[in-house]
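Read through the structure below, which is laid out as structure tokens, and then see the notes.
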Amino acid sequence: MKITLKDGSVLEYSEAKTAADITKDISMGLYRNATCCKINGEVADLRTVIDGDSSLEVLTFDDIDGKKAYNHTASHIMAQAVKRLYPEAKLTIGPAIDNGFYYDFDVENTFSPEDLEKIEAEMKKIIKENLELERFELPVDEAIALMEEKGEPYKIELIKEHADKGEAISFYKQGEFTELCAGPHVDKTGHIKANAFKLLSNNAAYWRGDSKGKTLQRIYGIAFPKKEMLDEYLQKLEEAKMRDHRKLGHDLQLFMTDELVGKGMPMFLPKGYTLWRILEDYIRDKEIKSGYQHVLTPCIGTVGLYQTSGHWEHYQKNMFPAMEVEDETYVLRPMNCPHHMRIYANTPHSYRNLPIRIGEIAHDFRFEASGTLKGIERGRHFCQNDAHLFVTPEQIKDEFAKVVDLIFDTYKDFGITDYRLVLSLRDPDDTEKYHQDDEMWNTAENALRDVLDSLGLDYTEEIGEAAFYGPKLDVNVTPAVGAEYTLSTCQLDFCLPAKFNLTYVDKDNTQRTPVVLHRAILGSLDRFMAYLIEETMGAFPTWLAPVQVKFLPIADRHQDYAREMIEKLETAGVRCELDDRSEKIGFKIRSAQMEKIPYMILVGDKDIEAGTISVRSRKNGDEGAATIDEFVARITEEIKNKSR
């Protein structure tokens with residue numbers, strides 16, 4: 001038989017071989033690092049026997065599927081350790097994820113940090129035992145009988161879901177531990193490095209993600225083939241904790257949450273709302289200069305509105321329950337496009353007055369599972385920097401280009417440079433969650449692709465990420481820590497204008513349907529603020545800082561002079577605060593530094609005598625004396641230029 005390798009070379013054998021044996025023939029070094037393989041494009045264990053002409057690609061931790069096999073094996077080792085220490089624990093699922101692995105257990109008590117330490121210690125014992133992972137299959141009835149014998153009800157439920165498929169059920173056995181699993185896995189538990197894994201945390205989770213289901217205990221872990229990789233990852237986790245916008249938001253008194261108000265319903269405090277207003281004014285002013293007209297619409301709408309738009313059919317699971325008011329049924333809105341469609345329909349339109357650009361800083365509400373909530377980055381209430389552009393087909397390219405320019409220009413002001421463009425398309429194999437109109441989808445996707453190509457933009461395509469009504473361009477940013485996420489978006493929509501019977505009179509005096517561009521430059525103000533907090537660690541550039549200058553009188557007798565200086569700065573539009581506490585100046589300086597104030601102004605006897613101020617900056621420390629006029633000119637220029 002002929003085995004074709006990834007580089008195109010061919011190995012020939014006269015008898016069947018395991019993928020592991022072939023890997024050894026290629027390189028013992030490769031074999032030691034291998035976690036699994038691909039045989040004819042399908043991921044498989046290295047123990048898989050190959051008995052005919054095939055292609056073989058050996059995978060290591062550096063490959064996505066290789067990393068998954070490594071982490072998945074670590075999750076099995078963790079499950080085995082839990083069963084040894086807590087025999088009454090019931091097993092559910094334990095997959096590999098982007099950053100490591102987790103396993104959900106049905107246990108009576110919550111795992112404590114001390115429990116995690118015990119589980120880690122037992123995992124190291126299992127790794128040292130170097131148990132072989134043996135794959136075997138059973139018919140459905142025998143598989144159920146095995147899990148009944150072991151008292152694993154969740155596994156039985158999973159097996160029964162495959163009962164009507166007539167497929168054999170696969171298991172993996174390592175020592176006394178047997179797990180329902182499709183694989184693949186590494187050959188032996190000893191392949192996992194005992195000094196390069198860590199159990200990170202545990203929290204509550206629901207069986208099948210259903211809040212009405214059984215509450216389980218989920219343990220998260222991470223595993224690497226080298227200790228240095230683990231150390232680097234843990235260091236990044238510590239940095240992530242330092243940058244976490246929830247911690248910084250609390251420390252800097254930007255926003256708060258309150259259980260009585262509700263989960264996912266953050267409230268912005270004075271300094272946080274000051275930053276909010278800066279962002280809101282910034283983007284609104286840019287949009288007005290670009291020809292946008294701003295509106296204000298209600299936070300609720302009738303169910304009929306969302307039935308017309310299609311949200312009720314395709315998006316209802318993300319919406320709050322409907323409420324009955326007299327003879328109408330209302331719902332909190334998840335997005336604003338239906339309202340803007342009705343505003344467009346309010347008056348007749350001609351091609352002469354298109355494009356029409358309707359913008360709104362709009363309050364929206366979406367039901368997010370409690371486990372997914374994350375401060376102001378992901379909440380149940382948020383404000384979108386939303387706009388809808390009603391255009392003729394001929395205007396799509398120019399208007400789309402203007403949106404892209406607006407995104408790039410905005411990113412320049414905020415110093416955002418690490419991002420990529422993604423063309424998000426419909427999944428043709430999963431059409432139920434999309435508007436049913438193949439011709440519309442083909443037209444919209446090709447139109448958006450043509451526009452991006454004509455603009456010369458570099459982008460990648462991702463299947464299954466489109467909105468239910470059309471394809472979109474997503475701008476994904478890579479934060480200082482953590483995975484990338486979408487900040488800005490522009491969506492092409494041929495669907496909703498038709499659903500709402502929107503029209504304009506064209507040059508030939510016929511009624512035509514406009515095309516709509518849905519776009520959000522800052523995305524949601526909440527998420528954008530979270531991004532800024534984490535990128536800057538709360539040390540905002542002067543133009544964004546809620547408090548730009550803090551005056552620190554050395555003694556109480558210097559306060560009146562400080563107030564005179566503050567008045568001059570505030571007249572120039574600079575945001576100031578006075579620390580009038582009867583504390584030592586060193587304490588006041590440290591306090592202002594903790595608050596990450598860009599400028600501190602110290603005022604003492606010498607300053608009053610000379611008619612000056614003593615300037616101290618967050619960046620440079622003590623900068624010496626200056627007149628108030630000199631400082632006003634300096635800081636206003638810095639704010640105007642959005643210097644970073």
Side-chain angles (χ1 to χ4, degrees), residues 45 68-97 100-112 115-116 118-123 125-127 129 131-186 188-189 192 197 199 201-221 223 371:
D45 291 324
K68 285 182 179 178
Y70 191 90
N71 276 304
H72 196 181
T73 304
S75 79
H76 277 217
I77 294 172
M78 178 172 70
Q80 183 178 12
V82 168
K83 288 293 286 186
R84 284 184 177 182
L85 295 169
Y86 311 96
E88 74 286 352
K90 304 301 179 186
L91 302 174
T92 63
I93 59 171
I97 53 178
F101 59 90
Y102 72 80
Y103 207 109
D104 289 346
F105 302 95
D106 184 356
V107 289
E108 186 171 335
N109 298 315
T110 301
F111 289 122
S112 67
D115 290 329
L116 296 191
K118 292 178 184 177
I119 296 168
E120 275 190 1
E122 191 64 34
M123 289 175 69
K125 291 180 183 178
I126 294 168
I127 291 171
E129 291 169 18
L131 303 171
E132 185 173 350
L133 279 85
E134 306 171 53
R135 188 179 190 277
F136 65 93
E137 295 182 348
L138 293 174
V140 170
D141 56 345
E142 292 183 30
I144 291 174
L146 176 62
M147 291 296 100
E148 286 177 342
E149 177 187 335
K150 292 184 174 294
E152 299 291 356
Y154 297 96
K155 301 297 184 182
I156 294 170
E157 180 179 333
L158 293 171
I159 294 169
K160 287 182 177 179
E161 291 179 358
H162 293 270
D164 58 347
K165 298 180 181 179
E167 301 173 352
I169 306 299
S170 61
F171 293 87
Y172 279 81
K173 183 178 184 298
Q174 55 196 58
E176 82 289 353
F177 179 74
T178 300
E179 170 70 299
L180 171 71
C181 185
H185 288 281
V186 303
K188 296 182 178 181
T189 60
I192 306 302
F197 80 89
L199 300 187
S201 63
N202 68 288
N203 57 27
Y206 296 116
W207 173 236
R208 300 300 186 96
D210 184 356
S211 60
K212 297 179 181 178
K214 176 72 174 180
T215 300
L216 309 171
Q217 281 292 301
R218 174 173 297 178
I219 301 178
Y220 286 97

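Sequence positions, counted from 1, serve as the residue numbers for this chain.
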Do you know the tightest heavy-atom contact between [X] and [Y]?
X      : Y      : answer
Val82  : Ala89  : CG1-CB, 4.0 Å
Ser170 : Cys181 : OG-O, 2.6 Å
Met78  : Tyr102 : CE-C, 4.1 Å
Asn109 : Val107 : O-CG2, 3.2 Å
Ile169 : Ile159 : CG1-CG2, 4.1 Å
Leu133 : His185 : CD2-CB, 3.6 Å

[Y]/[X] salt bridge by N-O under 4.0 Å criterion:
X      : Y      : value
Glu176 : Lys83  : no
Lys125 : Glu122 : yes
Glu161 : Arg208 : yes

Drop me the distance from [X]'s [atom1] to [Y]'s [atom2], to the nearest 0.5 angstrom.
X      : Y      : atom1 : atom2 : answer
Thr189 : Phe177 : OG1   : CZ    : 12.0 Å
Ile119 : Ile77  : CD1   : CD1   : 13.5 Å
Leu85  : Asp115 : CG    : CG    : 8.5 Å
Tyr70  : Phe197 : OH    : CZ    : 10.0 Å
Glu134 : Tyr172 : CD    : OH    : 11.5 Å
Leu158 : Leu180 : CG    : CG    : 6.0 Å

Checklist line | Parallel, tilted or perpendicular: rings of His76 and His72 (30°, 60°) | finding: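 Rings of His72 and His76: perpendicular, as their planes differ by over 60°.
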Margin query: Tell me if the aromatic rings of Phe105 and Tyr86 count as close, with their centers under 6.0 Å from one another.
Written below: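 No, they do not, as the ring centres are separated by 6.0 Å or more.
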Next item on the list: Find out whether Leu146 and Glu142 are in side-chain contact, i.e. whether some heavy atom of one side chain is under 4.5 Å from a heavy atom of the other.
Entry: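 Result no, sub-4.5 Å side-chain heavy-atom pair not found.
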Notebook entry, point to check: Do Leu91 and Tyr103 have side-chain heavy atoms sitting under 4.5 Å apart?
Noted result: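 A side-chain contact under 4.5 Å exists here.
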Next item on the list: Quick one: list whatever passes side-chain contact (heavy atoms from CB on, under 4.5 Å) with Pro153, sequence neighbours left out.
Entry: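 Pro153 satisfies side-chain contact (heavy atoms from CB on, under 4.5 Å) with Lys90 once adjacent residues are dropped.
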Check: Among Gln80, Glu152, Lys155, which residue meets the side-chain contact (heavy atoms from CB on, under 4.5 Å) test with Glu179?
Finding: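 One option only clears the test, and that one is Lys155.
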Check: Of all residues at least two apart in sequence or in a different chain, which pass the side chain to side chain donor-acceptor pair (under 3.5 Å) check with Asp104?
Finding: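 Residues passing side chain to side chain donor-acceptor pair (under 3.5 Å) with Asp104: Arg218.
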Margin query: Heavy-atom count check: over 12 atoms from other residues, nucleotides or ligands less than 6.0 Å from Lys173 NZ?
Written below: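 It does: Lys173 NZ has more than 12 such atoms within range.
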Note to self: More than 12 heavy atoms of other residues, nucleotides or ligands under 6.0 Å from CD of Glu149: yes or no?
What the structure shows: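 Counting neighbours around CD of Glu149, 12 or fewer heavy atoms of other residues, nucleotides or ligands fall under 6.0 Å, so no.
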Next item on the list: Go through the steps to decide whether Glu157 and Lys214 satisfy the test salt bridge (Lys or Arg N to Asp or Glu O under 4.0 Å), and finish with yes or no.
Entry: CA-CA 13 Å; Glu157 180 179 333; Lys214 176 72 174 180; over 6 Å; no
Next item on the list: Let me see the working for Ile93 and Tyr154 under side-chain contact (heavy atoms from CB on, under 4.5 Å), right down to the final yes or no.
Entry: CA-CA 9 Å; Ile93 59 171; Tyr154 297 96; over 6 Å; no
Within the side chain of [X], is there an N or O that forms a donor-acceptor pair under 3.5 Å with the backbone of [Y]?
X      : Y      : value
Glu120 : Leu199 : yes
Asp106 : Leu216 : no
Thr73  : Val186 : yes

